[in-house]
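Okay, so here's the structure we're looking at.
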Amino acid sequence: MQSTMQDSPLLVREILRHGMQVYGASEVVTFEGDGSRRASFAEVGRRAAQLAHGLQGLGVGPGDRVGTFCFNHQEHVEAYLAVPSMGAVLHTLNVRLFPEQLKYVIEHAGDKVILSDATCAGLLARVAGECPSLERVVVVGEGDASAFDSLGSLADTISYEELLASRDTEFDWPDLDERETAAMCYTSGTTGNPKGVAYSHRSTYLHSLASTSSVNLGISSRDRALVVVPQFHANAWGIPYAAWLSGCDMIMPKQFLRAEALVRMIETERPTFAGAVPTIWNEVLRYAEAHDSDLSSFRVIVCGGSAVPLSLMQRFEELFGVPIIQAWGMTETSPLGAICLPPRDADPSEEWSYRMKAGRIAFGIEARVVDGEGRVAPCDGSSVGELEVRGPWVTGSYYGEPSSERFHDGWLRTGDVGTLDELGYLTITDRTKDVIKTGGEWISSVELENALMAHPAVFEAAVVAIPDERWNERPLACVVLADGRGASPDDLASYLRERVARWWVPERWAFLGEVPKTSVGKFDKKALRAGYAKGELDVVSISREA
Ligand code: ADP
C-alpha cells in the first residue's frame with residue numbers, strides 16, 4: 001500500500017531556508033585575532049544567495065565542483081549553504097595537505113573554481129597551475145594574491161566581496177534529486193592517496209537531523225557552538241549544518257587555533273558547545289590550568305577523531321564542571337557514528353568506564369564486529385575484530401576509485417579494531433594499521449596511551465609498533481613530558497605494570513619535544529614509525545622485568 005505522505009526531497013536548500021527564516025537573528029561570529037565580526041543568519045543567508053549568483057556568473061553550473069581552501073569563518077558557512085543549494089558540489093580542501101596531495105585531490109575531484117583564504121593563497125598557487133580543471137580562484141579576506149600572477153589564465157583572481165557585490169540577495173534555488181552530491185571530502189590519506197567521499201543532499205540532511213537530536217549532540221537555538229574542528233575535516237563533523245537548522249550561534253576561530261586564542265574566544269563569547277580533537281583540548285587544558293582561565297560556559301564538549309584520554313575528561317570536569325563527551329566517526333560516516341552518553345541506569349561508579357569508550361552507536365548507523373575469518377563476532381564487549389558499519393550517511397564506495405576491498409557485503413570496513421557490547425557501546429582498541437602484534441597476540445596502542453597519559457608527568461604519549469626479532473613486534477612508547485615534570489622510563493614502566501598486562505609494557509622509550517601530528521591534528525604514527533626506522537629517535541631501552 002502506497003503511503004499518502006508528500007515526498008519532498010531532502011535537500012541542503014531546506015536547511016538553508018529553515019535556518020534563515022526561523023532563526024534569522026542567530027549569529028555567525030568570526031574571530032579576527034584582535035576582535036570579532038558578527039552577521040545574523042538572515043544576513044548570511046542573503047549573502048549565500050549573492051554567492052550563488054556570483055558563482056553562476058563565473059560559469060558554475062549543476063554538478064560543478066567548487067573547492068574551498070579556507071579556515072572556519074562566515075564566508076565558509078556561506079559556501080556550505082550556497083554551493084550545494086545551487087546544485088553544485090562543495091569540495092572542502094584541507095589547508096594542511098602537502099602540495100602533492102593538494103594537487104591530487106583538486107585534480108581528482110575536478111575542481112572548477114576554488115574559494116581560497118588570502119592567507120592560504122601562496123600555498124594554493126604552488127599547485128594551481130598544474131590543475132587543468134581549475135578555471136578561477138576567488139580570494140577570501142584581505143591579503144596578497146600576487147602569487148597567482150605568473151599562472152597565466154589563473155592570474156585573474158577575483159575577491160570574494162567583489163564576487164558578491166551588488167548581486168541579488170535572493171536566489172531561485174533549484175529542485176534537485178536528493179541523491180545528487182552536495183559535498184565532497186577526501187580522507188586525510190594517512191596511507192596511500194586520499195580517498196574521496198561524496199555526500200548526497202539526503203545523507204547531509206539526515207545526518208544534520210541526527211546531530212541535532214537530543215539523543216546525540218542535542219544542539220539547539222539556546223546554544224552557541226565554538227566550531228574548532230575544521231570545516232575541511234569531515235564537514236566540521238556536520239556542526240555548521242546542524243547549528244544552522246537549529247538556530248545555534250556559531251563562533252568561528254579562523255586560523256587562530258592556539259590555546260591562548262581559543263581560551264580568549266571562550267572567555268569573551270561564552271560558547272555552550274564545542275567540537276575538536278583531543279590534542280586541541282589537551283593544549284587548551286594546559287593553558288587554562290596555567291592561566292586560571294574560565295571555561296565554565298560550556299554545557300558540553302564533543303571530542304573524537306582519536307581516543308580521548310580519560311585523564312583529559314576527568315580534569316575538565318574537575319576544574320570547570322564541563323563534560324567532554326567522546327564520539328566516534330570518520331569522513332566516510334559523515335562523520336557521526338557513535339556518541340558516548342552512559343546508559344540511564346548506570347551506577348555512578350560505572351560512569352567513567354562508559355565515558356572512556358568510543359561511543360554508543362547512533363540511531364541510523366548499524367555496526368558489527370567481524371573477526372579475522374570474516375565471521376560476525378558476538379556483541380559481548382570482549383570479542384575483538386574489525387568494525388563494520390552501514391547506514392544512510394555511510395559511504396558505499398569511494399569517488400572514482402575501485403575499492404571493493406574496503407567493503408564487505410554492503411558494509412564499510414572501517415579499519416578500526418575493537419569490540420561492541422550488548423548495549424551498543426563501541427570500544428576502539430586500535431586502527432588495523434596501528435595494532436601491535438607481539439608473539440601472536442595483539443597489544444592495544446590506544447589503551448597503553450590512555451594509561452600513560454593518566455600519569456601526572458606525561459603531557460602526551462603515542463605508542464607504535466616497532467620490529468622485534470623475537471616477538472615480531474614490540475611497542476615503542478613516545479612520550480612528551482608535562483611542563484616542569486620529570487619521569488624516567490623505569491618510573492613510567494612500573495606505573496604501567498599496575499595498570500595493563502605486564503607483557504604489554506614497552507621496553508623501548510623515546511622522549512620527544514612534541515608528538516608529530518597529521519593534517520587533522522591526530523598523532524602521526526606513520527611519521528613516528530618512519531623516524532624510528534631512520535634512527536632519528538633517541539631511544540632508551542630498559543630491561544623487561546625491571
Ligand atoms: P583519518 O582517517 O585521516 O584519520 P578521519 O577523520 O576520517 O580521518 O578519521 C577516522 C578515524 O579516526 C576512525 O576510523 C578512527 O580510527 C579514528 N577515531 C575517530 N573517533 C575515535 C574515537 N573516539 N576513538 C578512537 N578512534 C577514533
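Read the numbers this way: they start at 1 and go in the same order the structure lists the ligands and their atoms. Quick caveat, the model's predicted, so the values are computed rather than measured. Atoms considered below: every heavy atom in the structure, side chains included; atoms not considered: hydrogens, waters and symmetry mates.
For the pair K254 and E75, the salt-bridge criterion is not met [side-chain N within less than 4.0 Å of a carboxylate O].
For ligand 1, the polar-atom distance check against M330 finds no nitrogen or oxygen pair separated by under 3.5 Å. In terms of N/O distances under 3.5 Å, ligand 1 is approached by H233. Between W328 and ligand 1, no pair of N/O atoms sits closer than 3.5 Å. Backbone and side-chain nitrogen or oxygen atoms of I428 are examined, and none is located within less than 3.5 angstrom of a nitrogen or oxygen of ligand 1.
Heavy atoms from other residues, nucleotides or ligands lying under 6.0 Å from CZ of R299 number more than 12.
Ligand-side atoms of ligand 1 in range of Q326: 22 (C), 23 (N), 24 (N), range being under 4.0 angstrom from any heavy atom.
Considering G521, G418, A338, S306 only, the shortest heavy-atom separation from atom 22 (C) of ligand 1 involves S306. When the heavy atoms of M356, R431, K522 are ranked by distance to atom 2 (O) of ligand 1, first place goes to R431. With C303, C340, G337, G305 as candidates, the residue nearest to atom 20 (N) of ligand 1 on a non-hydrogen basis is G305.
H408 pairs with exactly one of R390, E388, E386 by the side-chain hydrogen bond (donor to acceptor under 3.5 Å, both in side chains) rule, that one being E388.
Pairs engaging residues 421-444 under the ring pair (Phe, Tyr, Trp, His ring centres under 6.0 Å) rule: Y354-Y425 [sequence neighbours left out].
What you find for N282 and F459 is that their closest heavy atoms are ND2-O, 3.2 Å. Looking at every heavy atom in both residues, E332 comes nearest to Y398 through OE2-OH, 2.7 Å.
Residue-ligand proximity: D416 is placed with a non-hydrogen atom under 4.0 Å from ligand 1. Not a single heavy atom of S519 sits less than 4.0 Å from an atom of ligand 1. For G415, the closest heavy-atom approach to ligand 1 does not fall below 4.0 Å. The closest approach between A234 and ligand 1 stays at or above 4.0 Å for every heavy atom of the residue.
A donor atom on one side chain and an acceptor atom on the other are found under 3.5 Å apart for K525 and S445. Residues Y399 and H108 bring no donor and acceptor atom of their side chains to less than 3.5 Å of each other. Side-chain contact of Q314 with E318: a donor-acceptor pair under 3.5 Å is absent, judged by distance alone.
At a heavy-atom cutoff of 4.0 Å, ligand 1 is contacted by no atom of P335, backbone or side chain.
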